[in-house]
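Heads up, the thing below is written out as structure tokens.
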2 protein chains.
Amino acid sequence: MIDSKHIEFLKGIVGAENIYSDKAHLIAYSYDATRTRYEPDAVLFPRHEQDISDILKYCNKHKIVITPRGAGSGFTGGALPTNGGILLGMEKHMNQILEIDFQNMVAVVQPGVINMDLQRAVEEVGLFYPPDPASEEYCSVGGNVSENAGGMRAAKYGITKDYVMALRAVRPNGDIIRAGKRTIKDVAGYNIAGILIASEGTLAVITEITLKLLPKPKFTKAYMGIFPSVEDAMNAVFKSLAAGANPVAMEFLDSLVVQALKEKLGIELPESAGALLIGDVDGNVSDEVEFQLEILDKSFRENGAVEFIIADEGEDRDKLWYARRNASPSITIFGSKKLNEDISVPRSKLPEALTRIYEIGDRYGFKVPCFGHAGDGNIHVNVMVDGSSPQELEDGHKAIEEIFELVVDMGGTLSGEHGIGTSKAPFMSIAFNDEELSLFRDIKQAFDPNNILNPGKMGLPN
Amino acid sequence: MIDSKHIEFLKGIVGAENIYSDKAHLIAYSYDATRTRYEPDAVLFPRHEQDISDILKYCNKHKIVITPRGAGSGFTGGALPTNGGILLGMEKHMNQILEIDFQNMVAVVQPGVINMDLQRAVEEVGLFYPPDPASEEYCSVGGNVSENAGGMRAAKYGITKDYVMALRAVRPNGDIIRAGKRTIKDVAGYNIAGILIASEGTLAVITEITLKLLPKPKFTKAYMGIFPSVEDAMNAVFKSLAAGANPVAMEFLDSLVVQALKEKLGIELPESAGALLIGDVDGNVSDEVEFQLEILDKSFRENGAVEFIIADEGEDRDKLWYARRNASPSITIFGSKKLNEDISVPRSKLPEALTRIYEIGDRYGFKVPCFGHAGDGNIHVNVMVDGSSPQELEDGHKAIEEIFELVVDMGGTLSGEHGIGTSKAPFMSIAFNDEELSLFRDIKQAFDPNNILNPGKMGLPN
């Protein structure tokens, strides 16, 4: 717990205008996209890296807990101040695009920059930053790095970690660390940037991010494959990719989502549509786009597709993507509350994984509509329950646990892109053995011996 | 020092046929590509992961130092047993390609697999493993991961770390750790694979590597740009890339290398050739290849190229590449010993970096022929000295130190792809401040509290 003496000292660092300790603000900063609430004792808005260093040094000495926070849009509680203490907000001052280096195709940003603001800024100069989480309009790049966020374009372009060239960060003892370089190759010293990515703010506070950019591809088209069944669509995913397709995105909607889109939103889809694959292909030349579409068309039809639709950029493309974009809001017809997990399995295991996930749902009597980034094996699994029924909530969580056990057993992961945070922490022992969990604790201890940075996340000690 | 009691116990683990402690073998395993020699006390060839766990557990208890070794082809001493102890050889048993999973485009290999054997095996089924260090015919994939090896194709395809999906490894205490998954996305737990890559065998012994593969591109052509000066060529590098070119490779030969190729090997090159850029472009469709060549042609000419030559696959391509392949052996005309460093700077800094490196060489009276992977900013800088002159050797090392200071000052790195090992360890304090070096020590301590794994490398304590 922070007392007034601490508040005064911290005011001296950031200035009175950059600290909140009144109830209204503490409530306003108590939640993230998990909709669970934990009030911090104070919210601080550091003005620069040195502020962060000074704050951490002080808190480390007084064993005051700190939770870094980007936009608070995380799905697993990574930015929740579960132990109170200080919430370190990056949104107010640490939100600048510091540089777009066109010559080296690199952007340097502060952690509070909104993902889409970065995408737009680099596209203005003909460059391209691929990672596009669904929350791109409001999530922060610092949060993206801390959770190693993915997105639709991961099938071709990879995830956040594939774009981080360098970081600056502050250790809990106040030490300012530079990790990585503005060079494609750098093998001097331990890969500190590598371990900070996806560490959910538990090891250091990221203060600056250097990102690799790409040339913007010149041509894009969208496609939709209509399949009679989920199994057909899932087979088409890995078989088309193994046949050489390299689509930007390959998004999947299952039979329940198709049903929901028709019933709730009146979207017209063929009677025969039991599952959809929707995505984009791109290239520097139109022949590359056509090459990709030909492979997809052929592979999809060989795996049972009844239709393969192609759309140019613009309105036609938007129409194809409309179904995908409305998947999440449509499925509430199956239950007032969704227990949403973002599992990932090797792509060839998708057909079996989906079959067995539906079986688990059936056994509990829940609908489990699934959709997501099939092209990279990452599926959003939604166990739909009546949120007003404690029994259904309890059973829903049991179903989730069974799904995790299944996924890990099939060589998959608890989380493809959302992270562990608080919401998946109870399941860590399904995915990791004692030796692995012990290594995580040793690493945490090495960076943060007083356990002041975001304790209790990722199954680490509170 | 290992006594006979230790040897007997270790024999009991791996069998008498898998341990050497006789002088001849200790000498045979005392060196790597740095040509420096340190004899181990014993060479062990573990048969499998469990052997490695048993060996480490025993050595950890008795504080016996262990150096893991792939093919011993490293340029910076990473696999040298500088403190004696046990050399852990992966070449005899841990050298299998365990699986090529075509459906998920993944290969699973043991650390002793030779890089080129893997490349050939995956190409046979139409897949592609891009990392291609110059030593690809004899270096091991385990060594590649431990040093985060690069290669020619890094300009387009990145480096080893971009292909590592998962690792298995053994900690010094014998704990077997699985890190990562056979999935594109995995954000559960700390990125252990990320920190093991490039850690030079100082944190854990890697026992299995899961690698991402790509579809094999269908079309390739080679190109050569002939420039009047190094500065023109260096400008053409970053300007062509910023103009949207994405060549597989963009290799650079400077004026001295051009001179050496003519004088020593009689290679015919235009009188006007002051520097060369040589590389490949590839694509799934021939239009993509042509698109790339057009950008290069235009950008190269805008930056002073007097000629731009294109070659199809086969003999013509081999002819263009012949100059690049013979760069290293040709430059001995400038001195009997080369002090070879693989610096890397942001690409836009290449023109200035080269100018200033030559100035340093001039000041000491040394020729400094430079060549290498300009497309990713990684240049092999060769300070040529008379190896029989202690004075020249001493001055040569002073020149190298000045070059490192320059490179770091320009935002570059001590090593683009060779690692730190022993040979660059004295320069770590040029690149890293006390806080960063202290973090490296803390991480080392977390993994290996008894400091038994490859101590003294990377500037870490002996």
For this session: Kindly determine whether A:R171 and B:E435 satisfy salt bridge (charged side-chain N to carboxylate O under 4.0 Å, His left out), including the steps that lead there.
Result: CA-CA 9 Å; A:R171 278 182 81 176; B:E435 291 82 358; over 6 Å; no
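Residue B:F75 places its CZ atom among 12 or fewer non-hydrogen atoms of other residues, nucleotides or ligands, all under 6.0 Å distant.
With a 4.5 angstrom heavy-atom cutoff, B:K212 does not touch chain A via any of its atoms. Contact annotation for B:F447: only side-chain heavy atoms (C-beta onward) come within less than 4.5 Å of a heavy atom of chain A. Both the backbone and the side chain of B:R178 come within less than 4.5 Å of a heavy atom in chain A. Proximity to chain B is limited to the side chain of A:N378, based on heavy atoms less than 4.5 angstrom apart. Heavy-atom distances place the backbone of B:H418, and not its side chain, under 4.5 Å from chain A. For B:Q445, no part lies near chain A; criterion is any non-hydrogen pair under 4.5 Å. Of the atoms belonging to B:D342, not a single heavy atom falls under 4.5 Å from chain A. Proximity to chain A (any heavy atom under 4.5 Å) is shown, for B:N284, by both the backbone and the side chain.
Judged by distance alone, the side chain of A:K185 and the main-chain N or O of B:G151 form a donor-acceptor pair under 3.5 Å. A:T413 places no side-chain N or O within donor-acceptor distance of the main-chain N or O of A:S344, the cut-off being under 3.5 Å. Side-chain N or O atoms of B:S299 include none that pairs as donor or acceptor with a backbone N or O of B:L296 at under 3.5 Å. Remark: side-chain polar atoms of B:E294 are not paired, donor with acceptor, to backbone N or O of B:F291 under 3.5 angstrom.
Ranking B:L460, B:T76, B:L241, B:I192 against chain A, the residue ahead of the rest is B:I192, based on heavy-atom pairs under 4.5 Å. In terms of non-hydrogen atom pairs under 4.5 Å with chain A, the most contact-rich of B:K444, B:E436, B:E290, B:K181 is B:E436. Note on A:P215, A:G416, A:P449: by heavy-atom pairs under 4.5 Å with chain B, the leading option is A:G416. Among B:F238, B:F440, B:F432, the residue making the largest number of heavy-atom pairs under 4.5 Å with chain A is B:F440. Ranked by heavy-atom pairs shorter than 4.5 Å toward chain B, the options A:D162, A:L214, A:N433, A:I197 are led by A:N433. Most heavy-atom pairs under 4.5 Å with chain B, from the set A:N246, A:T202, A:V106, A:L414: that is A:T202. Ranked by heavy-atom pairs under 4.5 Å with chain A, the first of B:N173, B:I420, B:D287 is B:D287. The most heavy-atom pairs under 4.5 Å with chain A, out of B:A198, B:G377, B:G411, come from B:G411. With respect to chain B, the highest number of heavy-atom pairs below 4.5 Å among A:G283, A:G189, A:A431 belongs to A:G189. Top candidate by heavy-atom pairs under 4.5 Å with chain B, chosen from A:S438, A:A155, A:S348, is A:S348. In terms of non-hydrogen atom pairs under 4.5 Å with chain B, the most contact-rich of A:M428, A:E147, A:E288 is A:E288. Chosen from B:G419, B:G412, B:G375, the residue pairing most often with chain A at heavy-atom distances under 4.5 Å is B:G412.
In this pair, B:F427 and B:F404 present their aromatic rings tilted. The plane angle is within the 30 to 60° band.
Sorted by first then second residue, the salt bridge (charged side-chain N to carboxylate O under 4.0 Å, His left out) pairs that include residues 186-200 of chain A, not counting sequence neighbours, number zero.
Proximity of B:Y190 to A:L203: side-chain heavy atoms (C-beta onward) are separated by under 4.5 Å at one or more points.
The line from CG of B:D434 to CZ of B:R441 is 7.5 Å long, rounded to the nearest 0.5 Å.
If you check the side chains of A:N144 and A:Y163, you find no donor sitting under 3.5 Å from an acceptor.
Nearest heavy-atom pair, A:V122 versus A:A107, reported as atom, atom and distance to 0.1 Å: CG1-CB, 4.5 Å.
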